[in-house]
Amino acid sequence: QVQLVESGGGLVQAGGSLRLSCAASGLTFSSYGMGWFRQAPGKEREFVAAISWGGRGTYYTDSVKGRFTISRDNAKNTVFLQMNSLKPEDTAVYYCAAGNSPYSVVVGKTSRDYGSWGQGTQVTVSS
């Protein structure tokens with residue numbers, strides 16, 4: 001059974017930084033692409049960032065490029081999202097997700113590309 005547990009969320013002022021972590025178990029972590037999504041109140045869940053199973057490919061939604069960095073530590077079965085220069089519009093529940101299949105050549109940017117999800121961690125950015 002795959003388990004993904006996010007941590008690191010919280011309340012931060014605009015311009016500040018947070019580092020989210022997602023600890024994975026129940027899968028061969030190093031074989032799966034991983035993604036971060038977010039959902040703000042009243043809005044649909046949206047793609048934020050993704051990293052390939054090998055870690056060489058990273059992808060970001062335009063609104064976070066240059067501010068957020070996704071990375072992974074396969075030895076610790078953990079994926080990270082470093083968030084800098086945070087803005088009030090980044091306020092949302094952030095979810096990590098594991099790809100549907102191992103060794104995928106496609107790094108997904110939609111919810112359909114991911115089969116396992118964490119419970120989410122709240123990020124609130126005050127103005």
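Just the heavy atoms: all of them, side chains too, but no hydrogens, waters or symmetry mates, feed the values below.
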Peer 1: If you group Ile, Leu, Val, Met, Phe, Trp and Tyr by side-chain heavy-atom gaps below 4.5 Å, do F29 and L20 land in one group?
Peer 2: yes
Peer 1: Between OG of S31 and OH of Y103, what distance do you get to the nearest 0.5 Å?
Peer 2: 3.0 Å
Peer 1: So, do Y95 and F37 have ring centers that fall under 6.0 Å from each other?
Peer 2: no
Peer 1: Can you confirm whether V48 sits close enough to Y60 that some side-chain heavy atom of one is under 4.5 Å from a side-chain heavy atom of the other?
Peer 2: no
Peer 1: Among side-chain atoms of D73 and T78, is any donor-acceptor pair under 3.5 angstrom?
Peer 2: no
Peer 1: Is there side-chain contact between E6 and Y94, with heavy atoms separated by less than 4.5 Å?
Peer 2: no
Peer 1: Under the salt bridge (charged side-chain N to carboxylate O under 4.0 Å, His left out) rule, what pairs show up with a residue in residues 103-127, not counting sequence neighbours?
Peer 2: none
Peer 1: Is a side-chain N or O of N77 found less than 3.5 angstrom from the main chain of A23, in a donor-acceptor match?
Peer 2: no
Peer 1: Measure the spacing between OH of Y32 and OG of S101 and express it to the nearest 0.5 Å.
Peer 2: 7.0 Å
Peer 1: Is there a chain of hydrophobic side chains (I, L, V, M, F, W, Y, each step under 4.5 Å between heavy atoms) that links V93 to Y114?
Peer 2: yes
Peer 1: If hydrophobic clusters are built from ILVMFWY residues whose side chains come within less than 4.5 Å, do F47 and V106 share one?
Peer 2: no
Peer 1: For the atom pair OG (S52) and CZ (R72), what is the distance rounded to the nearest 0.5 Å?
Peer 2: 7.0 Å
Peer 1: With the side chain counted from C-beta on, respond yes when W53 and T28 share a heavy-atom pair under 4.5 Å apart, and no when they do not.
Peer 2: no
Peer 1: Does one side chain, of E89 or T91, offer a donor that lies under 3.5 Å from an acceptor on the other?
Peer 2: no
Peer 1: Which distance, rounded to the nearest 0.5 Å, do you find between the OH of Y59 and the CD1 of I51?
Peer 2: 10.0 Å
Peer 1: Are M83 and V64 connected in the hydrophobic side-chain network, where two residues link if heavy atoms are under 4.5 Å apart?
Peer 2: yes
Peer 1: Only pairs at least two apart or in different chains count here, so list each salt bridge (charged side-chain N to carboxylate O under 4.0 Å, His left out) that has a residue in residues 26-39.
Peer 2: R38-E46, R38-D90
Peer 1: Following the transitive rule for hydrophobic clusters with a side-chain heavy-atom cut-off under 4.5 Å over Ile, Leu, Val, Met, Phe, Trp and Tyr, establish whether L18 and M34 coincide in one cluster.
Peer 2: yes
Peer 1: Any side-chain heavy atom of V125 sitting closer than 4.5 Å to one from V123?
Peer 2: yes
Peer 1: Between atom CG of L81 and atom CH2 of W36, what is the distance when rounded to the nearest 0.5 Å?
Peer 2: 6.0 Å
Peer 1: Test: disulfide bond (SG atoms under 2.5 Å apart). Region: residues 88-127. Which pairs qualify, not counting sequence neighbours?
Peer 2: C22-C96
